[in-house]
Amino acid sequence: MHLGLIMDGNGRWASQRRLPRAAGHLEGMKACKRVIVAAKNMGVEYLTLYVFSTENWKRPQQEVDYLMGLLAKKLPGELRFYQENNIRILFRGDVKSLPKEAQESLEKTKQETSAMNGITVILAINYGGQDEIARACSRFIEKNPGKPISIQDIQENLDLPQVPAPDLIARSAGEMRLSNFMLWDSAYAEFLSLDDLWPDWGDEQVKKCIDALSKRVRKYGGLA
Ligand code: FPP
């Protein structure tokens, strides 16, 4: 099973406590760890977390710098957590356009966790669904100039073609938008919105996602 999560509400969580937005993101990172462990224990094989979108660069520079700092410094510092929980980390998005320090940290984390097989966690960073489709098309055209492009060609040139499409995409903080998340492979994903702000997520919310999916009848355009 592949679960995709749009993490929303870090800012609201912080402002409810009169804390700076950065405090919400830090707490959001703790929620990521709880959710990863819960998902693994409940049998989720792939978990994609929407960490930073191609549109998030529009945020105030201070907030962008803080999030990039989390990626560059906190992410590789969690190696023991990945090892103890058998977590493989992969990335999806235009990571080559990130600050060099963040890129190096991502590469290190990917390499150090490559042998883990308890759960695959995919961090979508500088990720946009439209951007990914455009990059997939460019990759194909570069290899096959002048050829018409098929659905399968796009599929095979996505960032992580080996990862199955998400079964369920859920969003926190009560919002009901995809916000450019996994546009290509969300074609037949189920969707769920939960009111809890992202920093409050843990076991209970992951269970709600899995329960919701188990009740959906999936027809993929056919008949039940
Ligand atoms: C959405 O809340 C959250 C983000 C844009 C960033 C997500 C980042 C984290 C959860 C922490 C970093 C995690 C890792 C793995 C390094 P928002 O700021 O849009 O909240 P708001 O809508 O209430 O303002």
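Ligands are counted one by one from 1 in listed order, and the atoms in each one are counted from 1 as well.
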Walk me through it: do Trp13 and Glu27 pass the test side chain to side chain donor-acceptor pair (under 3.5 Å)?
CA-CA 9 Å; Trp13 184 93; Glu27 204 61 27; 5.9 Å; no
How about Tyr82 and Glu112: does a side-chain donor come under 3.5 Å of a side-chain acceptor?
no
Strictly by modelled atom types, are Ser179 and Arg171 linked by a side-chain donor-acceptor pair under 3.5 Å?
yes
Under 3.5 Å, N/O to N/O: give me all the pairs between ligand 1 and the protein, one per line with atom names and distance.
{"residue": "ligand 1", "atom": "2 (O)", "partner": "Gly9", "partner atom": "N", "Å": "3.3"}
{"residue": "ligand 1", "atom": "2 (O)", "partner": "Asn10", "partner atom": "N", "Å": "3.3"}
{"residue": "ligand 1", "atom": "18 (O)", "partner": "Arg21", "partner atom": "NH2", "Å": "2.8"}
{"residue": "ligand 1", "atom": "18 (O)", "partner": "Arg59", "partner atom": "NH1", "Å": "2.9"}
{"residue": "ligand 1", "atom": "19 (O)", "partner": "Asp8", "partner atom": "OD1", "Å": "3.3"}
{"residue": "ligand 1", "atom": "19 (O)", "partner": "Arg59", "partner atom": "NH2", "Å": "2.9"}
{"residue": "ligand 1", "atom": "20 (O)", "partner": "Gly9", "partner atom": "N", "Å": "3.2"}
{"residue": "ligand 1", "atom": "20 (O)", "partner": "Asn10", "partner atom": "N", "Å": "3.2"}
{"residue": "ligand 1", "atom": "20 (O)", "partner": "Gly11", "partner atom": "N", "Å": "3.0"}
{"residue": "ligand 1", "atom": "22 (O)", "partner": "Asp8", "partner atom": "OD1", "Å": "3.1"}
{"residue": "ligand 1", "atom": "22 (O)", "partner": "Arg12", "partner atom": "NH2", "Å": "2.9"}
{"residue": "ligand 1", "atom": "23 (O)", "partner": "Gly11", "partner atom": "N", "Å": "3.4"}
{"residue": "ligand 1", "atom": "23 (O)", "partner": "Arg12", "partner atom": "N", "Å": "2.7"}
{"residue": "ligand 1", "atom": "23 (O)", "partner": "Arg12", "partner atom": "NE", "Å": "2.7"}
{"residue": "ligand 1", "atom": "24 (O)", "partner": "Arg21", "partner atom": "NH1", "Å": "3.0"}
{"residue": "ligand 1", "atom": "24 (O)", "partner": "Arg21", "partner atom": "NH2", "Å": "3.2"}

Residue from Ile125, Asn126, Ile122 passing side chain to side chain contact (heavy atoms under 4.5 Å, CB included) with Phe91:
Ile125
Partner residues of Asp153 under the salt bridge (Lys or Arg N to Asp or Glu O under 4.0 Å) criterion, sequence neighbours left out:
none
Tell me, with the steps shown, if Glu78 and Lys74 meet salt bridge (Lys or Arg N to Asp or Glu O under 4.0 Å).
CA-CA 7 Å; Glu78 297 287 354; Lys74 293 264 180 206; over 6 Å; no
